[in-house]
Amino acid sequence: MKIAVAADHGGFLLKEAIKAHLTERGCEVLDLGTHSEASVDYPDYGRACGEAVASGHAERGIVCCGTGIGISIAANKVKGIRAAVVTNEFMAEMTKRHNDANIIALGGRVLDEATALRLVDLWIDTEFEGGRHQRRVDMLNEM
Ligand code: RB5
(Lines give C-alpha, C1' and ligand atoms only; values in the text may rest on other atoms or scores of the structure.)
Protein backbone atom coordinates (compact mmCIF):
# COMPACT_ATOMS: atom_id res chain seq x y z
CA MET A 1 0.00 0.00 0.00
CA LYS A 2 1.31 3.46 -0.90
CA ILE A 3 0.69 6.10 1.75
CA ALA A 4 1.41 9.82 1.37
CA VAL A 5 2.61 11.65 4.48
CA ALA A 6 2.85 15.39 5.03
CA ALA A 7 3.33 17.70 7.99
CA ASP A 8 4.08 21.23 9.04
CA HIS A 9 6.74 22.04 11.65
CA GLY A 10 4.37 21.13 14.50
CA GLY A 11 3.94 17.64 13.10
CA PHE A 12 7.36 17.09 11.55
CA LEU A 13 8.82 14.80 14.23
CA LEU A 14 5.66 12.70 14.38
CA LYS A 15 5.61 12.44 10.59
CA GLU A 16 9.18 11.12 10.66
CA ALA A 17 8.22 8.47 13.23
CA ILE A 18 5.16 7.49 11.19
CA LYS A 19 7.25 7.24 8.02
CA ALA A 20 9.68 4.83 9.70
CA HIS A 21 6.79 2.80 11.10
CA LEU A 22 5.03 2.55 7.74
CA THR A 23 8.24 1.45 6.05
CA GLU A 24 8.69 -1.22 8.73
CA ARG A 25 5.14 -2.37 7.99
CA GLY A 26 6.07 -2.81 4.33
CA CYS A 27 4.18 0.23 3.05
CA GLU A 28 5.55 2.45 0.31
CA VAL A 29 5.76 6.02 1.63
CA LEU A 30 5.43 9.20 -0.42
CA ASP A 31 6.91 11.96 1.76
CA LEU A 32 5.55 15.36 0.76
CA GLY A 33 7.47 17.27 3.46
CA THR A 34 8.12 19.32 5.42
CA HIS A 35 11.66 18.17 6.03
CA SER A 36 12.66 20.10 9.16
CA GLU A 37 11.24 21.87 12.20
CA ALA A 38 11.51 25.26 10.50
CA SER A 39 8.19 27.09 10.42
CA VAL A 40 6.02 26.47 7.35
CA ASP A 41 2.32 26.89 6.50
CA TYR A 42 0.15 23.82 7.12
CA PRO A 43 -2.35 24.60 4.28
CA ASP A 44 0.38 23.86 1.69
CA TYR A 45 1.05 20.42 3.17
CA GLY A 46 -2.57 19.45 3.76
CA ARG A 47 -3.38 20.32 0.19
CA ALA A 48 -0.37 18.42 -1.18
CA CYS A 49 -1.42 15.27 0.64
CA GLY A 50 -5.06 15.70 -0.39
CA GLU A 51 -4.07 16.08 -4.02
CA ALA A 52 -1.76 13.04 -3.90
CA VAL A 53 -4.60 10.86 -2.61
CA ALA A 54 -7.36 12.37 -4.78
CA SER A 55 -5.23 11.92 -7.92
CA GLY A 56 -4.35 8.31 -7.07
CA HIS A 57 -0.63 8.93 -6.57
CA ALA A 58 -1.15 7.40 -3.12
CA GLU A 59 -3.95 5.18 -1.85
CA ARG A 60 -4.18 6.96 1.49
CA GLY A 61 -2.60 9.80 3.40
CA ILE A 62 -1.50 10.78 6.88
CA VAL A 63 -1.08 14.45 7.79
CA CYS A 64 0.37 15.94 10.97
CA CYS A 65 0.45 19.44 12.41
CA GLY A 66 0.46 20.65 15.99
CA THR A 67 -3.13 19.62 16.63
CA GLY A 68 -4.01 17.79 13.41
CA ILE A 69 -6.82 20.27 12.91
CA GLY A 70 -5.44 22.89 10.53
CA ILE A 71 -3.86 20.41 8.18
CA SER A 72 -7.04 18.28 8.11
CA ILE A 73 -9.08 21.34 7.14
CA ALA A 74 -6.66 21.95 4.27
CA ALA A 75 -6.78 18.33 3.08
CA ASN A 76 -10.58 18.34 3.19
CA LYS A 77 -10.68 21.25 0.73
CA VAL A 78 -9.60 18.79 -1.98
CA LYS A 79 -12.55 17.05 -3.68
CA GLY A 80 -12.75 13.38 -2.84
CA ILE A 81 -10.87 13.71 0.43
CA ARG A 82 -12.31 12.52 3.71
CA ALA A 83 -9.69 13.56 6.25
CA ALA A 84 -10.39 12.83 9.90
CA VAL A 85 -8.61 14.08 13.00
CA VAL A 86 -8.22 11.12 15.33
CA THR A 87 -7.11 11.28 18.94
CA ASN A 88 -8.04 7.85 20.28
CA GLU A 89 -8.48 4.23 19.20
CA PHE A 90 -12.25 4.43 18.85
CA MET A 91 -11.99 7.38 16.47
CA ALA A 92 -9.22 5.71 14.43
CA GLU A 93 -11.30 2.57 13.98
CA MET A 94 -14.66 4.21 13.39
CA THR A 95 -13.44 6.72 10.85
CA LYS A 96 -12.41 3.79 8.68
CA ARG A 97 -15.42 1.61 9.47
CA HIS A 98 -18.04 4.30 8.85
CA ASN A 99 -16.44 7.25 7.02
CA ASP A 100 -13.90 5.35 4.91
CA ALA A 101 -11.49 8.18 5.76
CA ASN A 102 -8.80 8.25 3.11
CA ILE A 103 -6.61 10.54 5.23
CA ILE A 104 -6.10 10.72 8.97
CA ALA A 105 -4.73 13.75 10.76
CA LEU A 106 -2.67 13.51 13.93
CA GLY A 107 -1.43 16.18 16.31
CA GLY A 108 2.27 16.20 17.10
CA ARG A 109 1.53 18.32 20.17
CA VAL A 110 -1.44 16.18 21.21
CA LEU A 111 -0.37 12.55 20.95
CA ASP A 112 2.66 10.69 22.22
CA GLU A 113 4.44 8.70 19.52
CA ALA A 114 3.37 5.23 20.67
CA THR A 115 -0.31 6.24 20.73
CA ALA A 116 -0.08 7.85 17.32
CA LEU A 117 1.47 4.73 15.79
CA ARG A 118 -1.25 2.58 17.34
CA LEU A 119 -3.91 4.81 15.76
CA VAL A 120 -2.16 4.55 12.39
CA ASP A 121 -2.14 0.74 12.62
CA LEU A 122 -5.79 0.57 13.63
CA TRP A 123 -6.89 2.79 10.76
CA ILE A 124 -4.84 0.78 8.25
CA ASP A 125 -6.03 -2.59 9.54
CA THR A 126 -9.75 -1.75 9.87
CA GLU A 127 -12.14 -2.46 6.98
CA PHE A 128 -14.80 -0.06 5.70
CA GLU A 129 -18.24 -1.52 6.46
CA GLY A 130 -19.98 -0.31 3.29
CA GLY A 131 -23.79 -0.77 3.20
CA ARG A 132 -25.60 2.28 4.58
CA HIS A 133 -22.22 3.89 5.20
CA GLN A 134 -21.41 3.73 1.49
CA ARG A 135 -24.53 5.82 0.77
CA ARG A 136 -23.36 8.45 3.24
CA VAL A 137 -19.84 8.45 1.84
CA ASP A 138 -21.37 8.88 -1.63
CA MET A 139 -23.26 11.90 -0.29
CA LEU A 140 -19.99 13.37 0.99
CA ASN A 141 -18.37 12.78 -2.37
CA GLU A 142 -21.20 14.69 -4.08
CA MET A 143 -20.58 17.84 -2.05
C1 RB5 B 1 1.55 25.85 14.02
O2 RB5 B 1 2.08 26.56 15.08
C3 RB5 B 1 0.18 25.29 14.39
O4 RB5 B 1 -0.77 26.29 14.33
C5 RB5 B 1 -0.17 24.15 13.47
O6 RB5 B 1 0.79 23.15 13.57
C7 RB5 B 1 -1.51 23.45 13.70
O8 RB5 B 1 -1.63 23.05 15.03
C9 RB5 B 1 -2.69 24.16 13.19
O10 RB5 B 1 -3.83 23.64 13.24
* To do: Taking all non-hydrogen atoms of both residues into account, name the closest pair between Ala7 and Phe12 and its distance.
  => CB-N, 3.9 Å

* Asked: Between OG1 of Thr34 and CG of Asp8, what distance do you get to the nearest 0.5 Å?
  -> 8.0 Å

* Structure fact -> Taking every heavy atom of Cys27 against every heavy atom of Ile3, the minimum-distance pair comes out as SG-CD1, 4.1 Å

* **Within one Ile-Leu-Val-Met-Phe-Trp-Tyr cluster: Val29 and Ile62, side-chain cutoff 4.5 Å** => yes

* Structure fact -> Correct closest heavy-atom pair for Ile103 and Ala75 would be CD1-CB, 4.1 Å

* Tell me, do Glu89 and Leu119 make a side-chain contact under 4.5 Å, heavy atoms counted? -> yes

* Structure fact -> In this structure, CD1 of Ile71 is separated from CZ of Arg47 (nearest 0.5 Å) by 12.5 Å

* To do: Assess the side chains of Asn141 and Arg82: does a donor N or O sit below 3.5 Å from an acceptor N or O?
  => yes

* State plainly whether the residues Glu127 and Arg97 are in salt-bridge range, i.e. N to O under 4.0 Å. => no

* Asked: Going by atom types only, do Asp121 and His21 share a side-chain donor-acceptor pair under 3.5 Å?
  -> yes

* Salt-bridged, Lys15 to Asp31, with N to O below 4.0 Å? -> yes

* Thinking salt bridges, do Asp112 and Arg118 make one under a 4.0 Å N-O criterion? -> no

* Asked: What do you reckon, is NE2 of His35 surrounded by more than 12 foreign heavy atoms closer than 6.0 Å?
  -> yes

* Asked: Considering all heavy atoms of both residues, which atom of Thr95 and which atom of Asn99 are nearest to each other, and what is their separation?
  -> OG1-OD1, 2.9 Å

* Donor-acceptor contact present, side-chain Thr115 to main-chain Leu111, <3.5 Å -> no

* Measure from the side-chain N and O atoms of Asp100 to the backbone N and O of Phe128, and report whether any donor-acceptor pair falls under 3.5 Å. => no

* Is there a donor-acceptor contact under 3.5 Å from the side chain of Lys96 to the main chain of Met91? -> no

* To do: Keeping the roles fixed (side chain from Ser72, backbone from Ile69), state whether a donor-acceptor pair exists under 3.5 Å.
  => yes

* Structure fact -> What one should report as the nearest heavy-atom pair of Ala4 and Leu32 is CB-CD1, 4.0 Å

* Asked: Considering all heavy atoms of both residues, which atom of Asn102 and which atom of Ala83 are nearest to each other, and what is their separation?
  -> OD1-N, 4.4 Å

* **CG-SG distance between Asp44 and Cys49, expressed to the nearest 0.5 angstrom** => 13.0 Å

* Shared ILVMFWY cluster between Val5 and Val85, side chains joined below 4.5 angstrom? -> no

